[in-house]
Amino acid sequence: MPVRETFNYQGLDAIRVGRVNMGVNTTFVVYRLNGTVIDTGPSNQWKYVKPFIQSAPLKQLLLTHHHEDHSGNAGAIQKLTGVQAVAPDLTIGILKKGFRIPPMQKFFWGTAGKAEVAPLPAEVYIGEEEVLPVFSPGHAKDMTCYLLPERGWLFSADLFIANYLKFLRIDEDVPTLMKSIKGVLDHSFDVILCPHRGVVEDGWQQLNKKYEYLLNLSGEAQKLKQQGLPLEETTLRLLGKEGLFSALTGYNFCKRNLIASCLQVNLDEMPRF
């Protein structure tokens with residue numbers, strides 16, 4: 001069933017949309033705070049995102065990265081409001097050129113047309129509140145989170161989503177992701193605003209749990225490799241069988257990718273908090 005839900009959290013307006021509701025990864029939350037919208041939602045949900053955008057004046061549109069669920073409505077929002085999205089430099093280049101979307105992602109989110117996006121200003125504000133962009137690659141090479149230090153809020157892009165992972169996209173990189181999580185955990189914050197999970201209170205501790213999970217999983221995977229187990233057997237032992245979803249994505253999103261990437265983690269470089 002499709003998902004359409006609006007909510008408010010301490011002055012933060014939000015709408016959750018999704019073509020289907022098959023778990024947290026298949027719905028998307030667009031946030032608006034003091035005239036700033038963070039990410040655009042997927043293009044196949046534009047008819048529901050559009051009235052949300054129109055419901056209050058738009059002063060700024062921030063993108064966290066290029067993925068179609070985050071950027072898919074950037075062009076439509078600019079056409080509607082005259083407000084051009086701003087984004088990290090790497091995102092600008094990707095959206096100007098365009099990018100391929102795997103079939104399963106296209107089913108959930110639709111397409112993402114090319115878009116002209118402006119660079120982030122030297123100083124970023126939401127209303128009168130200073131925003132600290134935190135470059136956080138790993139899930140995507142251009143991903144950036146936005147921290148509001150005074151509130152202790154983190155717009156986390158796709159850095160969090162859940163405390164643990166069982167699947168990984170083939171273009172994701174666990175060593176880079178863990179370094180990004182560590183970099184974000186070096187800051188202080190209380191609340192995560194996740195575009196898939198939603199509002200996550202106790203956010204620093206929850207993100208730290210994900211870091212610890214990846215650290216432990218990487219250690220277990222590397223021990224099994226040292227014992228001579230092949231990748232497939234290691235994956236089976238730690239995460240179980242792949243299942244139908246992995247096959248439907250052509251193994252672009254699967255358990256084996258996660259274990260293979262965990263085997264590349266340098267555990268000596270990953271301290272615990």
Exercise for review: Any chance you could lay out the salt bridge (charged side-chain N to carboxylate O under 4.0 Å, His left out) test for E269 and K179, step after step, and finish with the verdict?
Suggested key: CA-CA 9 Å; E269 295 180 353; K179 289 178 182 178; 3.6 Å; yes
**Study point:** Heavy-atom closest pair, residues R151 and N34
**Key:** NH2-ND2, 3.8 Å
Revision key, fill the gap. Distance col, row L95:CG vs I92:CD1, nearest 0.5 angstrom, shows 8.5 Å
Check your understanding: Does L236 belong to the same Ile/Leu/Val/Met/Phe/Trp/Tyr cluster as L224, with side-chain heavy atoms less than 4.5 Å apart forming each link?
Key -> no
**Study point:** Side-chain donor-acceptor pair present, T27, R16, cut-off under 3.5 Å
**Key:** yes
Exercise for review: Classify the angle between the aromatic ring planes of H65 and H139 as parallel (below 30°), tilted (30 to 60°) or perpendicular (above 60°).
Suggested key: perpendicular
**Study point:** Side-chain donor or acceptor of K255 paired with backbone N/O of L239 under 3.5 Å
**Key:** yes
Check your understanding: Once you round to the nearest 0.5 Å, how far does CD1 of I192 lie from CG of L147?
Key -> 10.5 Å
Practice item. Ignoring hydrogens and angles, state whether a donor on the side chain of N252 or T249 is under 3.5 Å from an acceptor on the partner side chain. Key: no
Exercise for review: Indicate whether any N or O donor in one side chain lies under 3.5 Å from an N or O acceptor in the other, for E172 and N257.
Suggested key: no
Review point. Of the non-hydrogen atoms in P88 and T144, which two are nearest, and what is the gap between them?
Key: CG-OG1, 3.3 Å
Check your understanding: Do V83 and Q78 touch side chain to side chain, with heavy atoms closer than 4.5 Å?
Key -> no
Check your understanding: Between T36 and L61, is a side-chain contact (heavy atoms from CB on, under 4.5 Å) present by the stated rule, with each step listed?
Key -> CA-CA 6 Å; T36 292; L61 174 60; over 6 Å; no
Check your understanding: Between K209 and Y164, is any pair of side-chain heavy atoms under 4.5 Å apart?
Key -> no
Exercise for review: Please determine which of W204, F189, Y9 meets the ring-ring contact (aromatic ring centres under 6.0 Å, His included) test together with W153.
Suggested key: Y9
Exercise for review: Before giving the answer on ring-ring contact (aromatic ring centres under 6.0 Å, His included), spell out for F160 and H196 the whole-Å C-alpha distance, their side-chain angles and the decisive distance to 0.1 Å.
Suggested key: CA-CA 9 Å; F160 175 66; H196 295 286; over 10 Å; no
Point to revise | E5 versus Y48, side-chain donor and acceptor atoms under 3.5 Å | key: no
Study note, to complete from the structure: By side chain to side chain contact (heavy atoms under 4.5 Å, CB included), K96 pairs with (sequence neighbours left out) E116
**Study point:** Distance-minimising heavy-atom pair for L63 and D39
**Key:** CA-OD1, 3.3 Å
**Study point:** Parallel, tilted or perpendicular, as decided by the 30° and 60° cut-offs, for the rings of F245 and F108
**Key:** tilted
Review point. For the side chain of Y31 and the backbone of C194, is there at least one donor-acceptor N/O pair under 3.5 Å apart?
Key: yes
**Study point:** Joint cluster assignment, M104 & L244, ILVMFWY side-chain distance < 4.5 Å
**Key:** yes
Practice item. Return yes if a side-chain donor-acceptor contact under 3.5 Å exists between N163 and R197, otherwise no. Key: no
Exercise for review: Might you work through the side-chain contact (heavy atoms from CB on, under 4.5 Å) test for L215 and R272, ending with a clear yes or no?
Suggested key: CA-CA 8 Å; L215 196 60; R272 296 182 185 273; 3.5 Å; yes
Check your understanding: Do the non-hydrogen side-chain atoms of L132 and Y146 ever get within less than 4.5 Å of each other?
Key -> no
Practice item. Supply the atom-to-atom distance D142 CG to H70 NE2, rounded to the nearest 0.5 angstrom. Key: 10.0 Å
Check your understanding: In terms of hydrophobic clusters joined by side-chain contacts under 4.5 Å, are I170 and F167 together?
Key -> no
Check your understanding: So, K210 side chain and L159 main chain: donor-acceptor pair closer than 3.5 Å or not?
Key -> yes
Practice item. Taking all heavy atoms of P195 and all of D158, pick out the closest pair and write down the distance. Key: CG-OD1, 3.7 Å
Exercise for review: Would you check if L168 and C254 make a side-chain contact, meaning some heavy-atom pair closer than 4.5 Å?
Suggested key: no
Exercise for review: Answer with yes or no whether the side chains of R169 and H67 bring together a donor and an acceptor at under 3.5 Å.
Suggested key: yes
Point to revise | Residues I15, F28; criterion side-chain contact (heavy atoms from CB on, under 4.5 Å); working and verdict | key: CA-CA 8 Å; I15 182 170; F28 193 92; over 6 Å; no
**Study point:** Point-to-point distance, once rounded to the nearest 0.5 Å, from CE of M270 to OH of Y211
**Key:** 5.5 Å
Review point. Within the distance-only criterion (no hydrogens, no angle test), does the side chain of N73 pair as donor or acceptor with the backbone N or O of G41 below 3.5 angstrom?
Key: yes
Check your understanding: For the hydrophobic clusters of this structure (ILVMFWY residues joined by side-chain heavy atoms under 4.5 Å, transitively), does one cluster hold both L238 and L177?
Key -> yes
Practice item. Inspect the surroundings of OH in Y213 and state if more than 12 heavy atoms from other residues, nucleotides or ligands are less than 6.0 Å away. Key: yes
Review point. Do any N or O atoms from the side chain of N8 and from the backbone of G11 form a donor-acceptor pair under 3.5 angstrom?
Key: yes
Check your understanding: Should V3 and V17 be marked as a side-chain contact (heavy atoms from CB on, under 4.5 Å) after you check the CA-CA gap, both sets of side-chain angles, and the distance that decides it?
Key -> CA-CA 5 Å; V3 176; V17 295; over 6 Å; no
Check your understanding: Looking at CD1 of I181 and CG of D186, how far apart are the two atoms once the value is rounded to the nearest 0.5 Å?
Key -> 12.0 Å
Exercise for review: Please confirm whether the backbone N or O of G110 pairs with a side-chain atom of E68, one donor and one acceptor, at under 3.5 Å?
Suggested key: no
**Study point:** Close side-chain approach of L185 and L207, heavy atoms under 4.5 Å
**Key:** yes
**Study point:** Closest approach of V174 to S218 (non-hydrogen atoms, all atoms of both residues)
**Key:** CG1-OG, 4.4 Å
Exercise for review: Taking the side chain as every heavy atom from C-beta outward, state whether P137 and M143 have any atom pair closer than 4.5 Å.
Suggested key: no
Point to revise | Any side-chain donor near an acceptor of the partner, R4 and Q45, under 3.5 Å | key: yes
Review point. Quick one: does NZ or CZ of R32 land under 6.0 Å from the six-membered ring centre of F52, within 45 degrees of the ring axis?
Key: yes
**Study point:** Heavy-atom pair of closest approach, residues S71 and A112
**Key:** OG-CB, 4.4 Å
Point to revise | Shared hydrophobic cluster for V265 and I259 (ILVMFWY, side-chain gaps under 4.5 Å) | key: yes
**Study point:** Non-hydrogen side-chain atoms of V30 and V37 separated by less than 4.5 Å
**Key:** yes
Study note, to complete from the structure: Output for pair (Q105 CD, F253 CZ), nearest 0.5 Å, gives 8.5 Å
Check your understanding: Quick one: are R19 and W109 in side-chain contact, heavy atoms under 4.5 Å?
Key -> no
